Amino acid sequence: MKRVLPLAFILAFSPAAFGQTVDSQGAKQLSDNLARYFGKQAFDKGVLKVSAEGGAYKITVDIKALVNALPDQKPLKFDLAPYALMVKPRSDGSWDVASDFSQSMAFEFNGPEGSQSLQLTVKDGKGTAVYDPGLAAFTSGASSMAGMTMTSLEAKQQADVTAGAGTATIAATKSANGGVDFTATQKVSSFVETIKIDDPDNGMNFPLTLRTPELSVDGSGKGVRTKPLLDLLAFAVANEDEATLKANQAELKTLLRAALPVWERIDGTYGFKDFEVESPVGKFGAKQFSTAFGMDGVSQNGKVGYTIKASGLTIPQQTLPGWSVALLPTDVDLNFGGANIDLDTMAKKAIEAFDLNKNPPLSDEFGDALVADFLAKTPKFVLGHSTVKNGSIEVAMEGEMTFPDKKPDATVTVDVAGYDKIVEALQEGAKSDEQMAQAFPFALAVKGFGKTLPDGRLEWVINAKADGSVTVNGAMLKPADAVQDDGAGQDDGSGQDGGSDQDDDGGAGAKLQP
């Protein structure tokens, strides 16, 4: 599916398909439309080719021809068969898209530390989709493969990847506020990656194997400005010459404004079932493991967020002291990111101010003012409600941090269930571990600052201010930093010279001594 979608995306530039007959004239028209976005040279050099075959258009992409056209630094070896899409106009103006992306490829080139190579094979890869030029997006699509293998070799590292059967889907609709809303899914079975590192310079020589019976990827987008982004691509192709680009920068600014906010929201999640990592120190694992990312588009109050979740965690215990097992996490849910991010004002000011006829197009003074304005809107780092668990022990935390005058100002709330069990584990560790013996009194002191909640949990509300002060549950733990006296340490004019080096104003600004 990954190979069907990007190439079929170019059909957005084609005219409405209604009533179009598949013939050589239509193939030429499609070629001309594609040349607007990929350049005429792509056709002249054989990288792209369009032909009418069996009631459909065949779009052939030959990456090898592109590599051969490079003037310098050609790879030592490049073996990749041309890739083809079969596209057919539908009566409603959209396109049917089909592809067989079964492929074997290999290439080798000289890297910074010697020869590097890659071999990739995709078995029985097939995909179909329906593309809507009006949306510049797929309204539906599905693909599958029977399996995949990949081997990459570098001077100090080798990676081998295998995967079983996989499927993928995609769908899109018109967004209420402009652009496109889309969803995409992908699942791959029996995923295994083995990494072998041999780096004598750093003393590293070990294998690492990652394994999961099911890898899943889920993505979604809201209000993605597909067509304005394609207009920008067409402008870039038409204005490759520097002089032409400078002459048409007014049009470029118009296109950039039209592409904002790029998207309203993008979200994606990677998920792993029965995830395992085999290492020289033992096997790490998780029944469920996932990472997620989400980001608003260019807006005045944007948010970005990351999530890491794991349940049923297992950690090698043979190298750990027995008392520490009770403290090892079995479930983790971490949430963090940023908020109040004003990229909209920055983007619009930068678009308005840049001038390609100047070097640099934006002055350093403008850049400094832009950053100062961004920070004045008080963007903040946010720690969403996050938990780390082991049995009856649970540590929860949340808070946020801003940076007034470029100094951190943070409020964090931490509450713990089963704190006494943590103390018991540390007390047991103190019997045989000197470091734990030193940490144990600290754990008792921390408990003394805690506030007991109705459910028995202990809570600490920590405030660390920009002035350097720190309070815990309202109690002062550290006072504010001493205010620096700008005049401290200056010569007051009372030296042996009797003030002969004083300024005419009576010595308010004494001369500094070398």
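No experiment lies behind these values; they were computed from the predicted model shown. Only heavy atoms go into these numbers, but all of them, side chains included; no hydrogens, no water, no symmetry mates.
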Measure across Gly127 and Phe101 and return the closest heavy-atom pair with its distance rounded to 0.1 Å.
-> N-CE2, 3.9 Å

Say whether, by atom type as modelled, one donor and one acceptor occur between the side chain of Asn340 and the main chain of Lys377 under 3.5 angstrom.
-> yes

Side-chain heavy atoms of Phe374 within contact of Ile341, under 4.5 Å | yes

pair Leu256-Leu232: side-chain heavy atoms closer than 4.5 Å = yes

Looking only at non-hydrogen atoms, find the nearest pair between Ala410 and Met401 and report the distance.
-> CB-CE, 3.8 Å

Please step through side chain to side chain contact (heavy atoms under 4.5 Å, CB included) for the pair Val416 and Trp460, ending with a clear verdict.
-> CA-CA 9 Å; Val416 179; Trp460 297 265; 3.6 Å; yes

For Thr128 and Asp96, indicate whether the former's side chain and the latter's backbone hold a donor-acceptor pair under 3.5 Å.
-> no

Look at the side chain of Asp199 and the backbone N and O of Met204, then say whether any donor-acceptor pair between them is shorter than 3.5 Å.
-> no

Do other residues, nucleotides or ligands put more than 12 heavy atoms under 6.0 Å from Lys253 NZ?
-> yes

Candidate pair Leu327 and Leu426, rule side chain to side chain contact (heavy atoms under 4.5 Å, CB included), full reasoning | CA-CA 9 Å; Leu327 302 180; Leu426 294 177; 4.2 Å; yes

Expected output: side-chain Arg225 to main-chain Gly178 donor-acceptor under 3.5 Å | yes

Ser102 and Asp124: side-chain donor and acceptor closer than 3.5 Å?
-> no

Apply salt bridge (Lys or Arg N to Asp or Glu O under 4.0 Å) to the pair Asp344 and Lys348, showing each step before the final yes or no.
-> CA-CA 6 Å; Asp344 182 73; Lys348 289 178 178 177; 3.4 Å; yes

May I ask you to check whether over 12 heavy atoms, not counting those of Phe235, lie within 6.0 Å of atom CZ?
-> yes

Does CZ in Phe381 sit with more than 12 non-hydrogen atoms of other residues, nucleotides or ligands closer than 6.0 Å?
-> yes

Side chain proximity check, Trp323 to Met436, heavy atoms < 4.5 angstrom = yes

Out of curiosity, Ser143 OG to Ile170 CD1, how far, rounded to the nearest 0.5 Å?
-> 9.5 Å

Judged by modelled atom types alone, do Ser175 and Asp181 share a side-chain donor-acceptor pair under 3.5 Å?
-> yes

Check whether any side-chain heavy atom of Leu85 sits under 4.5 Å from a side-chain heavy atom of Val97, and report yes or no.
-> yes

Are Asp218 and Thr185 close enough, and set up right, to give a side chain to side chain donor-acceptor pair (under 3.5 Å), and what steps lead you there?
-> CA-CA 5 Å; Asp218 294 281; Thr185 66; 5.1 Å; no

Evaluate the salt bridge (Lys or Arg N to Asp or Glu O under 4.0 Å) criterion for residues Asp420 and Lys447: first the C-alpha distance (whole Å), next the side-chain angles of each, then the deciding distance (0.1 Å), finally the verdict.
-> CA-CA 9 Å; Asp420 288 340; Lys447 182 179 180 180; 2.8 Å; yes

Which atom names give the shortest non-hydrogen contact between Ala396 and His385, and what distance separates them?
-> CB-CE1, 3.8 Å

Should the pair Lys389-Asp331 be classified as a salt bridge under the 4.0 Å nitrogen-to-oxygen rule?
-> no

Could you state the interatomic distance from NZ (Lys123) to OG (Ser104), rounded to the nearest 0.5 Å?
-> 9.0 Å

Sidechain-backbone polar pair: Thr212 side chain, Lys273 backbone, donor-acceptor under 3.5 Å | yes

Spatial distance of atom CG (Asn202) from atom NZ (Lys156) [nearest 0.5 Å] = 6.5 Å

So how far is it from Gln300 CD to Asp342 CG, rounded to the nearest 0.5 Å?
-> 5.5 Å

Determine yes or no for a side-chain-to-main-chain donor-acceptor pair under 3.5 angstrom, with Asp467 supplying the side chain and Ser469 the backbone.
-> yes

Heavy-atom distance under 4.5 Å between the side chains of Leu313 and Phe284, does that happen here?
-> no

Would you say Lys478 has more than 12 foreign heavy atoms packed within less than 6.0 Å of its NZ?
-> yes

Here the gap from Thr149 atom OG1 to Leu120 atom CG, rounded to the nearest 0.5 Å, amounts to 7.0 Å

Ignoring hydrogens and geometry, is there a side-chain-to-backbone donor-acceptor pair from Gln318 to Val281 under 3.5 Å?
-> yes

Salt-bridged, Asp100 to Lys126, with N to O below 4.0 Å?
-> no

Going by heavy atoms in the side chains, are Leu370 and Leu362 under 4.5 Å from each other?
-> no

What orientation do Phe272 and Phe275 show, parallel under 30°, tilted 30 to 60°, or perpendicular over 60°?
-> tilted

Using the side chain to side chain contact (heavy atoms under 4.5 Å, CB included) rule, take Lys287 and Asp274 through it: C-alpha gap first, then chi angles, then the decisive distance, then the call.
-> CA-CA 4 Å; Lys287 296 297 294 182; Asp274 296 323; 3.0 Å; yes

Do Glu352 and Arg257 come within less than 4.5 Å of each other through their side chains, counting heavy atoms only?
-> yes

Nearest atoms (heavy-atom pairs only) where Pro133 meets Ser94 = CD-CA, 3.8 Å

Asp405 atom CG: more than 12 heavy-atom contacts under 6.0 Å | no

Scanning both residues in full, the closest heavy-atom pair of Phe206 with Pro280 reads CB-CG, 3.4 Å

So, Asn390 side chain and Leu328 main chain: donor-acceptor pair closer than 3.5 Å or not?
-> yes

Of all heavy-atom pairs linking Ala286 and Phe289, the shortest is CB-CB, 4.2 Å

Other residues, nucleotides, ligands: >12 heavy atoms within 6.0 Å of Lys421 NZ = no

Nearest 0.5 Å please: distance from the CZ atom of Phe366 over to the CG atom of Asp373.
-> 9.5 Å

Main-chain N/O of Leu356 paired with Gln249 side-chain donor or acceptor, under 3.5 Å = yes

Under 3.5 Å, is there a donor-acceptor pair between the side chain of Asp409 and the main chain of Lys465?
-> no

Side chain to side chain, Ile63 and Val61, heavy atoms closer than 4.5 Å | yes

Is the closest side-chain donor-acceptor distance between Asp160 and Thr151 under 3.5 Å?
-> yes

Which word best sums up how the rings of Phe293 and Tyr306 line up, parallel for under 30°, tilted for 30 to 60°, or perpendicular for over 60°?
-> tilted

Would you please test Phe440 and Val423 for side chain to side chain contact (heavy atoms under 4.5 Å, CB included) and show each step?
-> CA-CA 7 Å; Phe440 178 67; Val423 173; 3.5 Å; yes

Among residues two or more places apart or on two chains, list those pairs meeting salt bridge (Lys or Arg N to Asp or Glu O under 4.0 Å) that have a residue in residues 301-314.
-> none

Considering only NZ, NE, NH1 and NH2 on the basic side and carboxylate oxygens on the acidic side, decide whether Asp198 and Lys196 come within less than 4.0 Å.
-> no

